[in-house]
2 protein chains.
Amino acid sequence: MTEPAAEAPAKARRGRPPSTSLNQALILDTALAIVEEHGPDALTLRRLGTELGANHTAVLRHFSSKDEILLGLAERLIERAMDGFVPDAHWRPTLEALARRIRSVCLAHPALAALTATRVSRRAAAFQGADTVIRALRVAGFDDRDAARYYRALVDAALAVSSYEAATAALENTSREGDRLAWGREYLAASPTRYPDLAAVAPYLAQADDDDQFETILGLILDAVEARAKA
Amino acid sequence: MTEPAAEAPAKARRGRPPSTSLNQALILDTALAIVEEHGPDALTLRRLGTELGANHTAVLRHFSSKDEILLGLAERLIERAMDGFVPDAHWRPTLEALARRIRSVCLAHPALAALTATRVSRRAAAFQGADTVIRALRVAGFDDRDAARYYRALVDAALAVSSYEAATAALENTSREGDRLAWGREYLAASPTRYPDLAAVAPYLAQADDDDQFETILGLILDAVEARAKA
DNA sequence: ACCTGAACACCGTTCAAGT
DNA sequence: ACCTGAACACCGTTCAAGT
């Protein structure tokens with residue numbers, strides 16, 4: 001049953017797969033599939049092992065901890081957001097498109113976004129996006145100091161609002177109390193004598209939709225940036 | 001040793017504490033202390049039991065699940081943010097003060113904010129804040145529809161950015177990799193040929209501070225709201 | 001009415017042992 | 001070099017039993 005051991009590490013062992021079974025890319029693919037299909041709480045090392053057909057501790061040979069896997073997933077989130085992006089000729093549409101891309105990725109993978117959004121800014125893949133935003137702001141007429149300042153404000157706001165929305169969406173899918181419509185109903189039931197202004201506009205609160213809301217925030221911020229650029 | 005049992009539930013049993021040992025307020029106090037001292041991961045039912053001098057399952061007689069405890073903590077977060085708040089005579093300072101209060105509470109209790117921010121909007125305690133914001137917007141001249149729209153945008157943005165900031169802060173305290181300064185360093189090390197605009201403003205990125213950044217975002221949003229109010 | 005204690009079905013991580 | 005299997009020190013929740 002014993003086979004002759006190769007003395008030197010054979011350079012091209014016929015039929016030998018490049019990596020025997022597990023590797024980082026495969027693990028991240030599988031982790032992503034689990035999170036998207038069964039929610040963030042389903043991402044456990046044991047489940048990852050089962051899904052990969054391996055022992056649940058084998059994964060720790062390729063990532064030093066579960067947290068490292070999360071950072072790997074965060075990197076994928078940025079890559080997807082930036083994938084194939086081409087800046088517009090004008091600065092404002094460029095910034096709008098980037099903000100919408102961040103949000104799209106977060107909404108497409110809410111559980112992943114909720115899990116990793118705060119880790120995104122540290123990753124190298126974010127450099128490309130940072131460079132694009134900063135160029136747009138310099139083109140708009142801001143000096144280096146202000147370009148840095150507004151870059152941080154814009155990315156932070158886009159990421160914060162997107163991941164907040166994603167976290168809420170992920171909550172609803174994960175937990176059983178999926179009644180986000182109650183939001184509108186509760187506000188409609190608020191006492192008109194104690195909260196007169198709230199009661200007056202309550203019907204409009206219920207019908208506001210998330211897309212409109214994101215566009216409202218984005219529009220407000222970019223309006224102000226544009227006004228300051230002109231001054 | 002046996003004492004005579006009261007036949008009827010005595011209305012004023014001398015020396016009898018109102019609730020024998022555990023109650024919701026005491027449990028939330030203890031939970032809050034644990035989160036603030038040892039981080040969000042330390043909040044377990046077992047630890048809660050130990051700290052209360054009770055069995056770890058006793059808590060479930062007062063809250064139906066751990067999630068209900070989290071909702072209770074979220075309610076406290078709002079109460080603290082609104083505590084003693086008096087609206088200003090003018091609408092813009094009122095909105096600024098409220099946004100800064102939300103952020104202050106999140107920064108004062110980052111672990112709690114990271115844990116509960118997405119649950120806040122559902123709670124009844126938020127009604128007072130909602131009413132105040134909406135009144136300010138109506139005073140500014142918006143009709144009911146726009147008041148509702150901008151209320152949602154403002155509160156969402158303030159809560160999202162504050163909890164994002166808090167989540168980052170909580171991460172740093174909890175995990176050992178507390179090198180948020182690496183942020184500036186990594187950007188300084190970015191390739192100037194591949195990322196020329198990023199490299200040009202990198203020195204300013206490193207020195208931007210969180211307070212300035214929040215004020216920048218707040219200022220941008222309120223500038224735009226004010227401009228639209230005048231139109 | 002409230003609490004205990006045991007049990008259940010899980011976690012992430014470590015480490016000696018295999019091949 | 002990579003994977004396994006057992007072990008360790010934890011989780012939240014349920015439920016019969018106590019008082």
Side-chain angles (χ1 to χ4, degrees), chain A residues 1-13 16-27 30-31 34-35 38-73 115 171 174-177, chain B residues 1-11 13 16-27 30-31 34-35 38-73 115 174-177:
Chain A
M1 284 311 229
T2 53
E3 293 178 16
E7 294 291 341
K11 229 175 197 170
R13 191 88 148 67
R16 186 86 170 289
S19 177
T20 338
S21 52
L22 262 44
N23 59 66
Q24 294 207 1
L26 179 61
I27 291 171
T30 309
I34 292 172
V35 170
H38 303 100
D41 294 342
L43 183 60
T44 68
L45 295 189
R46 279 169 167 83
R47 178 150 200 169
L48 205 41
T50 306
E51 220 86 20
L52 286 161
N55 185 276
H56 71 276
T57 65
V59 169
L60 294 177
R61 233 58 50 187
H62 300 87
F63 290 94
S64 60
S65 71
K66 190 184 175 182
D67 200 60
E68 288 297 318
I69 299 177
L70 253 40
L71 285 171
L73 291 176
L115 215 54
L171 243 192
T174 299
S175 76
R176 50 269 156 230
E177 49 148 13
Chain B
M1 287 308 226
T2 53
E3 295 178 16
E7 295 292 339
K11 233 172 194 170
R13 191 85 146 72
R16 184 87 169 288
S19 177
T20 336
S21 51
L22 262 44
N23 58 67
Q24 294 207 0
L26 178 61
I27 291 170
T30 310
I34 292 172
V35 170
H38 303 100
D41 293 343
L43 183 60
T44 69
L45 296 189
R46 279 170 168 82
R47 178 150 200 170
L48 206 41
T50 306
E51 221 85 21
L52 287 161
N55 185 275
H56 71 275
T57 65
V59 169
L60 295 177
R61 234 58 50 188
H62 300 86
F63 290 95
S64 60
S65 70
K66 190 185 174 180
D67 201 60
E68 289 297 319
I69 298 177
L70 254 39
L71 285 171
L73 291 175
L115 215 56
T174 298
S175 75
R176 49 270 156 230
E177 45 147 16

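Letters A, B, ... mirror the listed sequences (proteins, then strands); counts begin at 1. No hydrogens, no waters, no symmetry mates; every other heavy atom, side chains included, goes into these values.
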For B/Leu60 and C/dA6, what is the distance between atoms CG and C1' respectively, to the nearest whole Å? 15 Å

Measure the CG-CG distance between B/Leu52 and B/Leu26 for me, rounded to the nearest 0.5 Å. 5.5 Å

Roughly how many Å is it from CG in A/Leu26 to P in D/dC3, rounded to a whole number? 10 Å

Among D/dT4, D/dT14, C/dT4, the one nearest A/Arg61 by side-chain distance: D/dT4

Is it the case that the base of D/dG5 and the side chain of A/Thr57 share a donor-acceptor contact (distance under 3.5 Å, atom types as modelled)? yes

A/Ile34 and A/Ala42 have their tightest heavy-atom pair at CG2-O, 3.6 Å

Go through B/Asp67 and B/Ser65 one step at a time and tell me if the side-chain hydrogen bond (donor to acceptor under 3.5 Å, both in side chains) criterion holds. CA-CA 5 Å; B/Asp67 201 60; B/Ser65 70; 5.3 Å; no

In whole Å, I'd like the distance from the NZ atom of B/Lys66 to the C1' atom of C/dC10. 14 Å

If you look at every strand shown and take non-hydrogen atoms under 4.0 Å, does A/Leu43 touch a base, only sugar-phosphate, or nothing? sugar-phosphate

Shortest non-hydrogen contact from A/His62 toward A/Ile27: CB-CD1, 3.8 Å

Can you check the A/Asp41 CG to C/dC11 P distance for me, whole Å? 11 Å

Measure from NE2 on A/His38 to P on C/dC11 and round the result to the nearest Å. 13 Å

I need the minimum non-hydrogen distance between B/Ala31 and B/Ile69, along with the two atoms involved. CB-CG2, 4.3 Å

Between B/Leu22 (CG) and C/dT4 (C1'), how many Å, whole number? 13 Å

Test item: A/Thr57 and A/Leu45 side chains (from C-beta on) under 4.5 Å apart, heavy atoms: no

Ordered by number, residues from residues 45-56 of chain B within less than 4.0 Å of DNA chain D (heavy atoms) are B/Leu45, B/Arg46, B/His56

Which heavy-atom pair separates A/Lys66 from A/Leu43 by the least distance, and what is that distance? NZ-O, 2.7 Å

Are the side chains of B/Arg61 and B/Leu22 in touch, meaning some heavy atoms are under 4.5 Å apart? no

Hey, is the main chain of B/Phe63 close enough, under 3.5 Å, to the side chain of B/Gln24 for a donor-acceptor pair? no

Between which residue ranges does DNA chain C form stems of three or more consecutive Watson-Crick or G-U wobble pairs, both distances under 3.5 Å? C:4-8 with D:12-16, C:12-16 with D:4-8

